[in-house]
Amino acid sequence: MSTSKPIYRMFVSLLAALIVVGWASIRAFAEDFEEPVAPSGVSVPSLSGQSMGFDLETPAEAGAKPISTSYVLPLPQPVPPFPILLNRAVRRYVSDFMNSPYHLQDTFDRSHPYLQDMVRVLRSYGLPDDLVYLAFAESEFSKIGQGPWQFTSDTAKRFGLRIDDYVDERRDPVMSTKAAAEYLATLHDEAGDDWPMTLVAWNNGDRAINRYWSLRGRNMERFGSRLPRRTRGLMGRFMAVAYIAHHADSYGITPIKLDDPPAYQMLPVTGGTPLSRVALNHGTTLEHLRELNPALLRDVVPPDQQSYSVRIPLTSDIHASKEHVVF
């Protein structure tokens, strides 16, 4: 008992000292936020307006902006445009095209109904608009045979195009452009964003990137001279058509408008329906439907499908545009 009393007194003394020190600290902390008292005749700046000579600003006044809480899916990252070069080889192709300007004008006219949708597809893959002219260089925009992009059957099926007794979607300008855009975007990635090498691979197959990579260089003419003749021709025609399209007025060609709306709408039609009945029901002709739907190899909607989208001209009497045509 005699030992515990001194310890108890020491504990009480220590606790009292801590309380005194704590109270002094709290008082000093509170005094930091009180208005300072100035000596007589001396003005002290107020914390409500200024501090240490700097204006106090709200976050909005300082340029802060609220953070958006909604997530927006980003658009595909556009790639740099294809470098259209007017070198000696391309000039020769421009001269060849302008030796028969009416032929080139007919090619542009054939493409006009589809260009807006084709360019929209290219943009959806982040590809430059000028690549639409690659179809002109490949086929003069033919809608027969292997179509505007000249796909082999194996490559077409690889990228989802249907080819059978009733349909050859290589011949459809918009469907085949979707396959072409996917293929070109894939090759562009594999070629390290090198556009000329992308076209070399487009014309010679995927493995051509490795085969011709060592021939690359900044001098396009020297690079082109080392490529197969068909590849040089394709690249020359492509850049010549693109150059003429960009300067159509100067060459007496009707200006190319890539953003003109299409002159048709898509209508789901019951499988097995004859195109003649579709034409009759919508105030158009069988020949016009054939022109707008070059993928259909017979004058009938594929019978193995519940419905198939058919292009109907907007100028026709579309009294059943939102209904399936019943066979």
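Position 1 is the first residue of the sequence; numbering continues from there. All values derive from a computational prediction rather than experimental measurement.
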Might you work through the side chain to side chain contact (heavy atoms under 4.5 Å, CB included) test for Ile244 and Val94, ending with a clear yes or no? CA-CA 7 Å; Ile244 293 171; Val94 170; 4.2 Å; yes
Under the side chain to side chain contact (heavy atoms under 4.5 Å, CB included) rule, what do Met175 and Lys178 come out as? Steps first, then yes or no, please. CA-CA 5 Å; Met175 291 180 180; Lys178 184 179 184 301; 6.0 Å; no
Checking Ile312 against Val278 for the side chain to side chain contact (heavy atoms under 4.5 Å, CB included) test, could you report, in this order, the C-alpha distance in whole Å, the side-chain angles of both residues, the deciding distance, and whether it holds? CA-CA 9 Å; Ile312 306 296; Val278 179; 3.6 Å; yes
Derivation and outcome, side chain to side chain contact (heavy atoms under 4.5 Å, CB included), residues Val241 and Phe108: CA-CA 10 Å; Val241 173; Phe108 287 148; 4.0 Å; yes
Determine whether Tyr308 and Asn293 satisfy the following criterion, side-chain hydrogen bond (donor to acceptor under 3.5 Å, both in side chains), listing intermediate values before the conclusion. CA-CA 11 Å; Tyr308 191 88; Asn293 299 276; over 6 Å; no
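Between Tyr243 and His247, the distance from one ring center to the other falls under 6.0 angstrom.
Taken together through direct or relayed side-chain contacts under 4.5 Å among Ile, Leu, Val, Met, Phe, Trp and Tyr, Met98 and Tyr93 form parts of separate hydrophobic clusters. Under a hydrophobic-cluster definition in which Ile, Leu, Val, Met, Phe, Trp and Tyr are linked whenever side-chain heavy atoms come within less than 4.5 Å, directly or via other members, Ile163 and Tyr183 are assigned to different clusters. Met118 and Leu258 fall within the same hydrophobic cluster, defined by Ile, Leu, Val, Met, Phe, Trp and Tyr side-chain heavy atoms under 4.5 Å apart, directly or through other members.
A perpendicular orientation is assigned to the rings of Trp149 and Trp202, their planes being inclined by more than 60° (bins at 30° and 60°). Using the six-membered ring where Trp is involved, Tyr133 and His246 have ring planes that are perpendicular, over 60° apart on the 30 and 60° scheme.
From Arg91, atom CZ reaches atom CZ of Arg88 across 10.5 Å, with rounding to the nearest 0.5 Å. Atom CD1 in Ile209 sits 10.5 Å away from atom CG in Asn204 (nearest 0.5 Å). Summarising the geometry, atom CD1 belonging to Ile253 is positioned 9.0 Å from atom CG belonging to Asp109; distances are rounded to the nearest 0.5 Å. Rounding to the nearest 0.5 Å places NE2 of His112 at 7.5 Å from NZ of Lys257. Remark: Phe238 CZ to Leu131 CG distance equals 5.0 Å, nearest 0.5 Å. Between Gln146 atom CD and Thr152 atom OG1 the span is 7.0 Å, to the nearest 0.5 Å.
Not a single salt bridge (charged side-chain N to carboxylate O under 4.0 Å, His left out) links Arg298 to another residue, sequence neighbours left out.
With respect to Arg158 and Asp206, a salt bridge is recorded, a charged nitrogen being found less than 4.0 Å from a carboxylate O. Between Arg311 and Asp172, at least one side-chain nitrogen of the basic residue sits less than 4.0 Å from a carboxylate oxygen of the acidic one, meeting the salt-bridge criterion.
Contact annotation: the side chain of Pro313 approaches that of Leu289 to within less than 4.5 Å [non-hydrogen atoms, C-beta and beyond]. The side-chain heavy atoms of Leu275 and Val300, taken from C-beta on, include no pair separated by under 4.5 Å. Inter-residue side-chain proximity for Tyr251 and Pro101 is flagged as unmet; no heavy-atom pair is nearer than 4.5 Å. Annotation: side chain of Arg171 is in contact with side chain of Leu297 (closest heavy-atom distance under 4.5 Å).
In this structure, Arg110 is not positioned above the aromatic face of Phe141 in the sense of NZ or CZ being under 6.0 Å from the six-membered ring centre and within 45° of the axis.
Arg232 places a side-chain N or O within 3.5 Å of a backbone atom of Leu227 that can act as its donor or acceptor partner. Between the side chain of Gln150 and the backbone N or O of Gly147, at least one donor-acceptor pair lies under 3.5 Å. Between the Thr285 side chain and the His288 main chain, a donor and an acceptor come within less than 3.5 Å of each other. Under a 3.5 Å cut-off, the side chain of Gln116 and the backbone N or O of Pro261 do not form any donor-acceptor pair.
Around the CZ atom of Arg230, the shell of radius 6.0 Å holds more than 12 heavy atoms that belong to other residues, nucleotides or ligands.
Between Asp117 and Pro262, the closest heavy-atom pair is OD2-CG, 4.1 Å. In terms of heavy-atom proximity, Thr107 sits nearest to Phe136 at CG2-CD2, 3.3 Å.
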